Structure formats: structure tokens, C-alpha cells
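Since we're looking at a predicted model, the values are computed, not measured. Each chain gets a letter, A, B and so on, in the order the sequences are listed, and its residues count up from 1.
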Number of protein chains: 2
Amino acid sequence: MLPLSQTAGYAVLALSCLDDPGGAPALVQDVAARTGIPRAYLSKLMNSLAHKGLILAKRGNKGGVVLAQPAREITLDVIAEAVDGDAWRRTCLLGFSTCLDDRACPAHAFWKEERERIHAHLQQNTLADIASFERKSRTWRLMDALLPSTVSP
Amino acid sequence: MLPLSQTAGYAVLALSCLDDPGGAPALVQDVAARTGIPRAYLSKLMNSLAHKGLILAKRGNKGGVVLAQPAREITLDVIAEAVDGDAWRRTCLLGFSTCLDDRACPAHAFWKEERERIHAHLQQNTLADIASFERKSRTWRLMDALLPSTVSP
DNA sequence: GATATAGATGATGAAACGGTAAACAACATG
DNA sequence: CATGTTGTTTACCGTTTCATCATCTATATC
């Protein structure tokens, strides 16, 4: 069970659909339809992301959701931390409680390095990177809809 | 939520207390007391590990548990896979379902490499490595018991 | 073979995560 | 200001993971 939470993935995917600040607000239900994320669940996620300052939500007619900052300035790390917290950056690979820098478990030095590598990667990639990938891969999802699903869970 | 499951950590810790095949059987309750793992829970874990061939369990008077193979031949990977399975080696960092080698998400190449690095490390480390660490760190745990816990969760 | 010992097993429970449903509150528009 | 649109909030459900408890079963020993 190594990856970030499923909800963190939802957040990245959903935010990659939104416009930069000043742009056209997107409806949560549209984002849900586009991404396949359950509407009601996404609604709660968006609400939480709004409270954490990642997006701006406007309700009522002509309402919707936009990014609070340009996509190029929002790193995956910020999103992951908003959803999952940063506890994973301090955990031991094997879950040992007595595993700190000065009393390390056998995997400690290795795992510390891995965590930092992962963290750095999340910090270096932004929503803009995801969005450009999503634009390219929309074709794939179209094919998924047309062909019998031989691949996706 | 990046590390392996807590139960996998339990397994590594518990198995590191056992003798090689032919050695003296250890009581599950003793292992529980030594490691801090809940007795009843460890009992079921041990049972599962016995079914998977990692340990030999003998019940009844003078019973107990020993490793099925020498500690030096049991890798952390084998233990982790017995407990958690190997699904984590195929998951996307962000949980995208459309993330395979030929239709990768932006983090795919990076994450694939990380997974392989982690897997290799788990394959290279054995129970013997853990056991020697545990022997050294027993002092620490003694101190934990004597001093107010300022560190361990 | 009776007995104490020790693992095996099944029922149960609490907490976290993913997910649902419905009532609620704000806002643009006519 | 009435209305419909759209996000907000609350409560609830199902599954998985970690954990407990009681009971059953095997076995070494006397």
C-alpha cells in the first residue's frame, strides 16, 4: 500500500480541469462527469480544498470553481499535503515507532532518501504539467468508453 | 500514507525474534511481550505466516514457533508480500487507473523507478539484518521504558 | 489417558476511508 | 423579490484495517 491516498489523486485530477484565477468557473458536476469522480464526493473534496485556499468557489447561478493561483504555481506536493497531510514524510517504511535519525531501523537511511526523492518530485511537478498530460490522454479515455474495458479497474 | 502496512512491520519485527529452523521454538506470547505487538493480533498474524510457509508452528505443550528457513535467507520482500501482497508494485502514485507503461501519467516513469528501487531494497535485506539491529537497539527500548516517552507515538 | 500448555479459529468491535443522500444557504437574473 | 442554479453542510452507509475475546484443538508429559 504505497501510493498517496485515492482522494489525493482525485484532487490532482479535478484541479487539473480548472481555469487559472480570473478564468471561467467550472461546475463541480461537470468536473465530476469529465473525470469520473463521484459527484457528491468531489463536492466535499472541493469544499475542503476551498477552505485550504487552493481554489475559489462561488455559489449560486453562474457560480463554479476556479484555481486560487495559476496552475503553473500549484505543485503536486501542495495538493497532496492539503489532502493527506505530511505525516508520510516522517513514517518508517516498516512502521517501527523507534525509527528516527539517531536510532534508525535498517531501512531508515534508505527510506529517508526515497521519501526525499518523492517529495522533491512532487514539489517539481505542477498542475500545469498534469493538465497538459490530461489534454493528450483524453483520446485514451474516449477509447475506453468506446471499447470494452480491458484495462482499467 | 506511503509505507507498507503496519501489519507488515509487525511481521518483520516478530520474525526477527525467532530462531532458525532446528532452534528453540519461541512462544507467541513471549514474542508479543518483547515486541509490543498485541498478543491476540500477533497470534493470527503468525498463523497466517505459518500457512504461507514462512514459519513452523507447533502447538501444545513445549510448542512454539520457529522460522521455516534461516533468517539470512528470508528477505523483507518475501515477508511484505506475504502480508500485503504485491499490488503496490503496480499502483500509480496518484491512483490514476489509466496509468500503464504505454499510457503513463506525468509521474509514471518516476514512480516506476522508485517502486523498483524500493523493491530491490526489500529483496536485498533479510531478517538477519533486522535481527542484528534489534539486538543493538534493545538498549533504546529499555530506555523508552524507564524514561517518560518523549518520542515514540 | 488426564492434564496443562500453546497455537487455531470465529465472532465481534472501533476507527479511517471512500462514497451517498438530502436538506440548506448564497447568488445572478428576470 | 421570486426563482432556479450552484456550492455547503450534515448525517449516514459499506468496506478495510487494526485489535480483542472466548472457545476449540493439538500435543508433550506425567
**Length of the line joining B/Ile55:CD1 and C/dG7:C1', which is rounded to integer Å** = 10 Å

**Message:** A quick test of your reading: do over 12 heavy atoms of other residues, nucleotides or ligands sit less than 6.0 Å from CZ of A/Arg117?
**Reply:** yes

**Asked** Phosphate oxygens OP1/OP2 of D/dC21: is one of them under 4.0 Å from a side-chain N or O of B/Tyr41?
**Response** no

**Request:** Indicate, with a heavy-atom threshold strictly under 4.0 Å, whether B/Ala8 touches base, sugar-phosphate, or nothing.
**Result:** nothing

**Prompt:** So which one's nearest nucleotide on DNA chain D is more toward 5', A/Lys62 or A/Lys44?
**Reply:** A/Lys62

**Asked** For the pair made of CG in A/Asp84 and C1' in C/dC17, what is the distance, rounded to whole Å?
**Response** 11 Å

**Request:** Without swapping roles, check the side chain of A/Trp111 against the backbone of A/Thr91 for a donor-acceptor pair under 3.5 Å.
**Result:** yes

**Asked** Can a side chain N or O of B/His51 be found less than 4.0 Å away from OP1 or OP2 on C/dT9?
**Response** yes

**Asked** Side chain of B/Asn61: nearest nucleotide among D/dA28, C/dT20, D/dC18?
**Response** D/dA28

**Item:** Nucleotide nearest A/Tyr10 (side chain, heavy atoms from C-beta), chosen from C/dG18, D/dC18, C/dG19
**Value:** C/dG19

**Request:** Hey, can you tell me if A/His119 and A/Trp88 have their rings parallel, tilted or perpendicular (30° and 60° cut-offs)?
**Result:** perpendicular

**Request:** Could you state the atom-to-atom distance from CG of B/Leu42 to P of D/dT20 in whole Å?
**Result:** 11 Å

**Prompt:** Between C/dG19 atom C1' and A/Arg39 atom CZ, what is the distance in whole Å?
**Reply:** 11 Å

**Asked** B/Pro38 side chain: which of D/dG7, D/dA19, C/dG18 is closest?
**Response** D/dA19

**Fill in**
Taken to the nearest whole Å, NZ/A/Lys58 to P/C/dA28 is 7 Å

**Asked** C/dA8, D/dC21, D/dT8: which one has an atom nearest the side-chain heavy atoms of B/Ala40?
**Response** D/dC21

**Complete:** Side-chain atoms of B/Gln29 come closest, of C/dG18, D/dC18, C/dA6, to C/dA6

**Phosphate OP1/OP2 of D/dC18: any B/Thr7 side-chain N/O under 4.0 Å** = yes

**Request:** Please determine, by modelled atom types, if B/Tyr10 and B/Thr35 share a side-chain donor-acceptor pair under 3.5 angstrom.
**Result:** no

**Message:** What is the separation between atom CG on A/Leu27 and atom P on C/dA28, rounded to the nearest whole Å?
**Reply:** 15 Å

**Asked** Quick one: is D/dT8 close enough that its OP1 or OP2 comes under 4.0 Å of any side-chain N or O from A/Asn47?
**Response** yes

**Prompt:** When you look at CZ of A/Arg72, are more than 12 heavy atoms from neighbouring residues, nucleotides or ligands closer to it than 6.0 Å?
**Reply:** no

**Complete:** Atom CG of B/Leu49 and atom C1' of C/dG7 are separated, to the nearest Å, by 14 Å

**Item:** Candidates C/dG18, D/dG7, C/dT9 - which lies nearest the side chain of A/Ala57
**Value:** D/dG7

**Request:** Calculate the interatomic distance between B/Leu45 atom CG and D/dT17 atom C1'; express it in whole Å.
**Result:** 12 Å

